[in-house]
Amino acid sequence: MDKIWLSSPHMGGGEKKYVNEAFDTNWVAPLGPNVTGFENDLSSYVKANDSQDYYTAALTSGTAALHLSLVMLGVTHNDVVLVQSFTFCGTTNPVVYQGAKIAFVDSERDTWNMDPIALKEAIVTLIGQGYGIPGKKEPQGNKGYIRAIMPVHLYGMPAKMDELEAISKESGIPIVEDAAEALGSSYNGKMCGTFGVMSALSFNGNKIITTSGGGALVSSNNDYVEKARFLSTQARDNAPHYQHSQIGYNYRMSNIVAGIGRGQMEVLNDRVAQRRANNQRYSEFFANVEGVELQTEPNAGFYSNFWLTSIIIDPSKTGGIDREFVRLEMEKENTECRPLWKPMHLQPVFEGSEFYGSGVCVELFEKGLCLPSGSNLREDEFERIFEVLNRIFKK
Ligand SMILES: Cc1ncc(COP(=O)(O)O)c(C=O)c1O
């Protein structure tokens, strides 16, 4: 029995043309026409109908994009960054690379993303502790600045950006948007990846489009994007020899990898449609199953790419069936499901960190499961998946 994966790479067929071109022209380097082409494709894709233009730097990963964003905002020791706890470590770790502290923020129930109420509470508390806000309020004692707010669009579902943006505007704390999982999603008609002063995309192997590994930094401010290109190629000053006036990183995407990205951009809209169709199928199945709820778009303003279809199982309503039971039953049939992200404030590595909220993300983690959601799932694979689900829920 072949393994059914949660989300596996799905090539469109056009990728090899760009990769071969890179070989044929010997552009086997961390720059070249595919890198520029991929960046342009991404910039125009996220612009969509926006009046604003966007710029993109192609990088080795989404984590690198978030890291460079924080570097450019000046995040350093004694500073604090407000991060959605319910996420992958790629969101949080760059804060630690910069030696700053994380204040973890809970999720709200509608989108499972950053809770604006908990965010407000966090900001008020941190200011009370003596943290400053760049350009607005000087810190006290040994405290630094509250440098950024980092919301995430989990599994493709846009966070409540209107409310988060209002808090950002009022407080003066910029948003660094983690759109790693949300390329193709939008909120009130505006694409995810365009909400931050800088935003990160990921093209990791399991994402909606993949370059095997890769990421991008997107911004409407081209200065940030040009600086990201500079920093991601070891911060070389303009000189014939190697001259460095600041510390750089080796984070630039290669021209080979970008070739895969250009091919994947040709099928991105299909991939969104396929993942949304998967979600529709699951949603029809669970419509009349007591105790199982899907992550759903709260209203017409939210448009998710439904990268992963995720459910919450309440064992008190399913006759004791919980997420672990479902996961293990699927595993017996060689089908991969995953618990939702374990909140980062519960991770041993972040033990003792500050957390703001009532613990909604903890409950979501305990009850939640991601279902196989690849855009390349075949009909016979869906039959196998629904056979197990039928056995469990519709005996
Ligand atoms: C929410 C989130 N943030 C950040 C990342 C980091 O992206 P990458 O793996 O490209 O570094 C990922 C994915 O891997 C992610 O899912």
Side-chain angles (χ1 to χ4, degrees), residues 5-9 38-39 42 56-71 81-98 102 104-105 107 111-114 148-159 161 164 175-185 192-193 195-196 198-218 228 232 249-254 257-258 260-261 264 275 295 304-310 338-345 347 349-350 361 364-365 368 370 373-374:
W5 297 93
L6 190 68
S7 177
S8 69
F38 187 37
E39 288 177 344
L42 286 164
T56 305
L59 303 170
T60 47
S61 70
T63 309
L66 292 167
H67 187 199
L68 292 184
S69 303
L70 299 182
V71 168
V81 176
L82 294 148
V83 185
Q84 177 168 324
S85 183
F86 201 32
T87 188
F88 174 64
C89 66
T91 323
T92 51
N93 289 1
V95 181
V96 181
Y97 303 160
Q98 288 308 103
I102 301 176
F104 289 101
V105 181
S107 293
T111 69
W112 305 0
N113 292 312
M114 190 179 270
I149 300 167
M150 295 175 78
V152 187
H153 312 295
L154 274 195
Y155 311 119
M157 182 65 68
M161 292 313 302
L164 299 176
I175 289 177
V176 171
E177 178 194 11
D178 184 345
E181 302 177 359
L183 181 59
S185 302
C192 290
F195 287 97
M198 286 170 268
S199 304
L201 300 172
S202 169
F203 314 112
N204 189 17
N206 60 5
K207 294 295 186 291
I208 190 144
I209 62 164
T210 181
T211 57
S212 70
L217 183 147
V218 180
S232 66
Y249 305 86
N250 190 0
Y251 279 173
R252 193 75 164 121
M253 182 178 277
S254 91
V257 160
I260 307 174
Q264 287 273 278
R275 300 233 178 202
Q295 184 191 34
S304 174
N305 66 11
F306 284 119
W307 169 56
L308 297 184
T309 289
S310 306
R338 283 259 176 91
L340 303 188
W341 298 120
K342 178 171 177 175
M344 294 308 294
H345 75 281
Q347 300 286 353
V349 77
F350 289 114
C361 64
L364 290 169
F365 166 62
C370 301
S373 301

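Below, each value reflects all heavy atoms present in this structure, side chains not excepted, and no hydrogens, waters or symmetry copies. Counting convention: from 1, in listed order, for ligands and their atoms alike.
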With a 3.5 Å cut-off and no angle check, do the side chains of Thr56 and Glu39 form a donor-acceptor pair? no

Using 30° and 60° as the class limits, which term best fits the ring planes of Phe104 and His345: parallel, tilted or perpendicular?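 Aromatic pair Phe104/His345 classed tilted.
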
Considering only heavy atoms, which protein residues lie less than 4.0 Å from any atom of ligand 1? Ser61, Gly62, Thr63, Thr87, Phe88, Gly90, Thr91, Val152, Asp178, Ala180, Glu181, Ser202, Asn204, Lys207, Gly214, Trp341

For residues 206-216, which residue pairs pass the side chain to side chain donor-acceptor pair (under 3.5 Å) check, not counting sequence neighbours?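 Those involving residues 206-216 do not exist here.
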
Sequence neighbours left out, what passes salt bridge (Lys or Arg N to Asp or Glu O under 4.0 Å) with Glu181? Give chain and number order.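 Residues passing salt bridge (Lys or Arg N to Asp or Glu O under 4.0 Å) with Glu181: none at all.
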
List in chain and number order the residues that pass salt bridge (Lys or Arg N to Asp or Glu O under 4.0 Å) with Arg275, two or more places apart in sequence or in another chain; answer none if no residue qualifies.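 Testing Arg275 for salt bridge (Lys or Arg N to Asp or Glu O under 4.0 Å), a comparison that skips the adjacent residues, returns none.
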
Could you tell me whether the side chain of Ser202 reaches within less than 4.5 Å of the side chain of Ser61, counting heavy atoms only? no

